[in-house]
4 protein chains.
Amino acid sequence: MSSTFTKLIRGSTPAAELHGGAHHDATGKRERRKEARPGELLEAALDLFVEKGFAATRAEEVAARAGVSKGTLFLYFPSKEELFKAVVRENISGRFREWNDEFTAFEGSTADLVRFCMKTWWDRVGATRASGITKLIISEARNFPDIAAFYHDEVIKPGNDLMRRILQRGVDRGEFQVADMDYAIFGLTAPMVFLIMMKHSLGACAPKDFPLDPERYIASQADLLINGLLVRADTPKKSTGSRKS
Amino acid sequence: MSSTFTKLIRGSTPAAELHGGAHHDATGKRERRKEARPGELLEAALDLFVEKGFAATRAEEVAARAGVSKGTLFLYFPSKEELFKAVVRENISGRFREWNDEFTAFEGSTADLVRFCMKTWWDRVGATRASGITKLIISEARNFPDIAAFYHDEVIKPGNDLMRRILQRGVDRGEFQVADMDYAIFGLTAPMVFLIMMKHSLGACAPKDFPLDPERYIASQADLLINGLLVRADTPKKSTGSRKS
Amino acid sequence: MSSTFTKLIRGSTPAAELHGGAHHDATGKRERRKEARPGELLEAALDLFVEKGFAATRAEEVAARAGVSKGTLFLYFPSKEELFKAVVRENISGRFREWNDEFTAFEGSTADLVRFCMKTWWDRVGATRASGITKLIISEARNFPDIAAFYHDEVIKPGNDLMRRILQRGVDRGEFQVADMDYAIFGLTAPMVFLIMMKHSLGACAPKDFPLDPERYIASQADLLINGLLVRADTPKKSTGSRKS
Amino acid sequence: MSSTFTKLIRGSTPAAELHGGAHHDATGKRERRKEARPGELLEAALDLFVEKGFAATRAEEVAARAGVSKGTLFLYFPSKEELFKAVVRENISGRFREWNDEFTAFEGSTADLVRFCMKTWWDRVGATRASGITKLIISEARNFPDIAAFYHDEVIKPGNDLMRRILQRGVDRGEFQVADMDYAIFGLTAPMVFLIMMKHSLGACAPKDFPLDPERYIASQADLLINGLLVRADTPKKSTGSRKS
DNA sequence: TATGAATGAGTCTTCATTCAT
DNA sequence: CATGAATGAAGACTCATTCAT
């Protein structure tokens, strides 16, 4: 899709969005757009919460980025904290599910399934603005334990289950060998989480220092992982599963 | 590298700052002194910043956890932000370096080096309180771009270089085959970052839902990665392309 | 009297104010119209102002109770403060006057007149929703000195005058003996004010703790007062001085 | 004590108290007076709450009148509402009790006791700044039902009990005749409540229109009441207690 | 040095008032 | 006329920072 992180965050510069792009046709001020407001506010809030964290984001800033006044924000969300919860809810239930359901019918090698899964995740989740929610949750989990629990139930758990189903498919079909299934699934998870962190954190700060091409990253990590999982002719001497100490 | 460091350090040496740095007879004296009381403050601050983020952590809370009064905190650190910078500095320059230098003299298979590296990283960095600094930096990077840059120069860059050296060692010795070296290094980085995130974020919220045994995790990810890297007799083409059905 | 009234009224005639008062053909027309929708607003406002006070009553709440929207309120009253003034005006000029004029033609003993007066006051004023205006004025007098002055001129003064006329009638007819006429009139006023306070304040909070039967209260206080006023055969010296032991 | 209400409220003019009178000896700003602050704040708050009501009183105004900054107020009281509760608590438990206990040992005629009671009430309660608490409670009762209940339990109930004991003493000693004891006690209460209302409400607005001398008022009402209660030789024909309708 | 009372700029939140529909 | 979405000034409350002790 794009070759560097710079492109991924293109258009998110505050100044560029401060007075909106598409939804301000005319009439200047005092537009009445009851239906559209919550969505615009949630988008603005997502961006800012991801960028600065909950505490460092001012409510007025969210409102300004959504193109409304301070008071309007509180017309739709009773408090900053409720706005935060709505942001999380909105960006979880949305894209994750559809992505999640896409792999049951997959035919083809499990190696290809793994590649397809990661690639699709990037297109449907990672590359979208919603991906920041992961960074947000990780940053704020200790301040909002109930949200963390919610995220665990709605995303982490189903995500882990999906990873396990995929790996198990490979094992069942004699394609993969998995020594420690409970932990192997993180071989899929970790690269995706890492990519998100780069995208929304360090990669967003100094894009020059992180010329990370997401698609190439995804491809290389998928290959590495698949290689590590594939059943092979030569005896895999060293990998005997979990050795304590 | 060191110029960024200098910039961040400038004005942050607690004791020196307060007295204008002019009427001290020797430089060694103040260097020794600054660790006395500030040390406890830095530890408390690290814990709280990691847990709650910069903005949500109150200065008084830091002072209280360090067992001193609010005023004392500002006696050693001119501002909350300087405290933050000091926390980052303190926890980077410390353990990372010594860990970094440990692998040049390693003898044995590169697979073992990888295992040793990750295991040692866990013992020296991951398992310590200082590991939270990574979560902290990732959470706050966009609020403190200069700190992010500093962290990049001091940790990420050297870390990546180390990873590359290790993988290159494997390639040079005919043990590993690496298709895309620039991105393969993240195969080492991602699992470690992921573990830290779990430890300090979601894993700290609901330990029951994340019964993640770090050593087992490290071992399994290392094996998976090594497996993926090892030169093998069968099918040396890692990427089989997308064969449908 | 009427000059203060005029001042308060100025600009408060709801319908007139909005259109600059210039393009209305007849004055009678607007006089009739202003009671139509505003009436419900005034009733709602009276209830809420009495219950919660001026500052704690929200304009929207008044509108909602009157069954109209927030905007409509400001269609009839240019501001919350003008609404307040209108409420006071409305509930003073109304019932008090008619009650006030009822006693000139009274025949019978002055004791009965006192009883009749208090009883009638209860029926015409005290028992009505409008009685709350007294509590309201007392609560808000210092915030609205001009309204307090208006109330003084329109209610307190005429009320005191009435009390005085009644007592004087008793004295003139040889029924009552009054030592200090200027202050004796409060013997009539105080019980009525007290009853209103109970009704709209503490009595409205915990009706169980104040099972105050207004009619019985009125009757008992009237009797007590009349007893205190009646000329008697024995000891006509009311004040026996302070005899210790 | 003083001849008019004007004198009673002398010295309460905001401008006069804004920077305190007695407790600012020197040193200009940033005085450290931890012990004295709460009291000063409570006094300022009492005055303002009585004058303007809870909602219309700004926290900063209270602080300013107490001679401190906004923040200092919240150093001693966690919220405006807690300040309010503290004001009520402070001014109830204080003077009322000592006054309440003063009459058990009284020797002399019950008529004198009544006079003594009312006069003492004025000196100990009515004439003090604390008397405003009654006006405050009555104004705010519906907004703070729990405070109203508290006031009822702490003041109204004991007050009524005291009134009853006094009247009963008169009856027992053959001095008074009371037709309806339950309601007769308000013959004592009502004048005092009325006086407070005048003092803090209308009387404070337009002192010229209310040249009410409290002591003369107290004396006249006491005489009137006592007269109404005294057993007399001539048949008290009309006062047969409570006649409904 | 160390303390913690005091400060006041900065935020969240409310609500009277406006105005496009 | 009526509506209710939008506004923004105002007020409660927080907390980094100062400073008298």
Side-chain angles (χ1 to χ4, degrees), chain A residues 27-37 55-63 67-83, chain B residues 15 18 36-37 54-64 67-83, chain C residues 15 18-19 33 36-37 54-64 67-83, chain D residues 27-37 55-63 67-83:
Chain A
T27 44
K29 286 187 290 183
R30 279 208 180 233
E31 259 180 300
R32 292 165 70 91
R33 312 182 59 253
K34 195 190 181 186
E35 311 309 322
R37 290 297 186 223
T57 299
R58 275 173 304 131
E60 190 162 15
E61 212 176 347
V62 174
V68 299
S69 79
K70 203 179 1 176
T72 303
L73 169 62
F74 291 95
L75 216 57
Y76 294 97
F77 302 94
S79 72
K80 193 183 164 190
E81 191 162 337
E82 285 304 317
L83 172 65
Chain B
L18 284 179
R37 196 52 41 121
F54 176 78
T57 297
R58 280 177 304 134
E60 187 162 18
E61 218 176 344
V62 174
V68 299
S69 79
K70 207 176 358 175
T72 304
L73 169 62
F74 289 92
L75 220 54
Y76 289 103
F77 303 94
S79 73
K80 192 184 167 189
E81 191 163 336
E82 287 304 320
L83 172 64
Chain C
L18 284 179
H19 302 94
R33 179 129 204 88
R37 194 56 37 122
F54 176 79
T57 297
R58 278 176 306 133
E60 187 162 18
E61 217 176 345
V62 174
V68 298
S69 77
K70 207 178 353 175
T72 304
L73 170 60
F74 289 93
L75 218 56
Y76 288 103
F77 303 94
S79 74
K80 193 183 167 189
E81 191 162 338
E82 286 305 321
L83 171 65
Chain D
T27 46
K29 287 186 288 182
R30 278 205 180 234
E31 260 179 299
R32 292 164 69 91
R33 311 182 57 254
K34 196 190 179 183
E35 311 310 322
R37 291 297 186 221
T57 298
R58 274 173 306 129
E60 189 162 14
E61 211 175 350
V62 174
V68 298
S69 77
K70 200 180 4 171
T72 303
L73 170 61
F74 292 96
L75 217 56
Y76 293 97
F77 302 94
S79 72
K80 193 183 164 190
E81 192 162 337
E82 284 306 317
L83 172 65

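Lettering follows sequence order; numbering is per chain, from 1.
Heavy-atom distances to DNA chain F give each of D:Phe74 and B:Thr57 a nearest nucleotide, and the one nearer the 5′ end belongs to D:Phe74. Two residues, D:Glu81 and B:Glu81, neighbour DNA chain F, and the one matched to the more 5' nucleotide by heavy-atom proximity is D:Glu81. Nucleotides of DNA chain E nearest to A:Pro78 and B:Gly71 differ in position, and the one nearer the 5' end is that of B:Gly71.
For D:Arg58, counting side-chain heavy atoms from C-beta on, the closest listed nucleotide (F:dA12, E:dT13, E:dT18) is F:dA12. The side chain of C:Ala59 lies closest to E:dA16, out of E:dA16, F:dA2, E:dT13. Of the listed nucleotides (E:dA6, F:dG4, F:dA5), F:dG4 has the atom at the smallest distance from the side chain of C:Ser69. Here F:dT3 is the nucleotide among E:dA6, F:dA12, F:dT3 with the atom lying nearest to any side-chain atom of C:Val68. With distances taken from any side-chain atom of A:Ser79 to the nucleotides E:dA2, E:dT13, E:dA5, the minimum falls on E:dT13. Distances were taken from every side-chain heavy atom of B:Lys80 (C-beta onward) to each of F:dT17, E:dC15, E:dT18; the shortest belongs to F:dT17.
Scanning atom types as modelled, one donor and one acceptor separated by under 3.5 angstrom connect the side chain of D:Arg32 and the base of E:dG4. Under 3.5 Å, the side chain of A:Lys70 and the base of F:dG11 form no donor-acceptor pair of N or O atoms.
Residue D:Glu61 contributes atom CD, which lies 11 Å from atom C1' of F:dG11 at whole-angstrom precision. Summarising the geometry, the separation between CG on D:Leu75 and C1' on F:dA16 is reported as 14 Å, rounded to the nearest angstrom. Nucleotide F:dA2 holds its P atom 12 Å from the CG atom of C:Leu73, rounded to whole Å. Atom pair A:Glu35:CD and F:dA5:P shows a separation of 9 Å (rounding to whole Å applied). Rounded to an integer number of Å, the gap from NZ of A:Lys34 to P of F:dT3 is 15 Å. Distance, D:Glu60 CD to E:dG8 C1': 9 Å, rounded to whole Å. Going from atom OH of D:Tyr76 over to atom P of F:dA12 covers 20 Å, rounded to whole Å.
Base pairing annotation: E:dA20 forms a Watson-Crick or G-U wobble pair with F:dT3, both donor-acceptor distances under 3.5 Å.
Across all their heavy atoms, B:Lys80 and B:Thr57 have their closest contact at NZ-O, 2.8 Å. Here the closest heavy-atom approach between residue D:Leu73 and residue D:Ala63 is recorded as CB-CB, 4.3 Å. D:Ser79 approaches D:Phe74 most closely through the heavy-atom pair CA-CE2, 4.1 Å.
One distance of note links NZ of C:Lys70 with OG1 of C:Thr72; it measures 11.0 Å at 0.5 Å rounding.
Put simply, D:Arg33 has no side-chain N or O that comes within less than 4.0 Å of OP1 or OP2 on E:dA5.
Annotation: D:Glu82, atom CD; neighbour count of heavy atoms from other residues, nucleotides and ligands within 6.0 Å is above 12.
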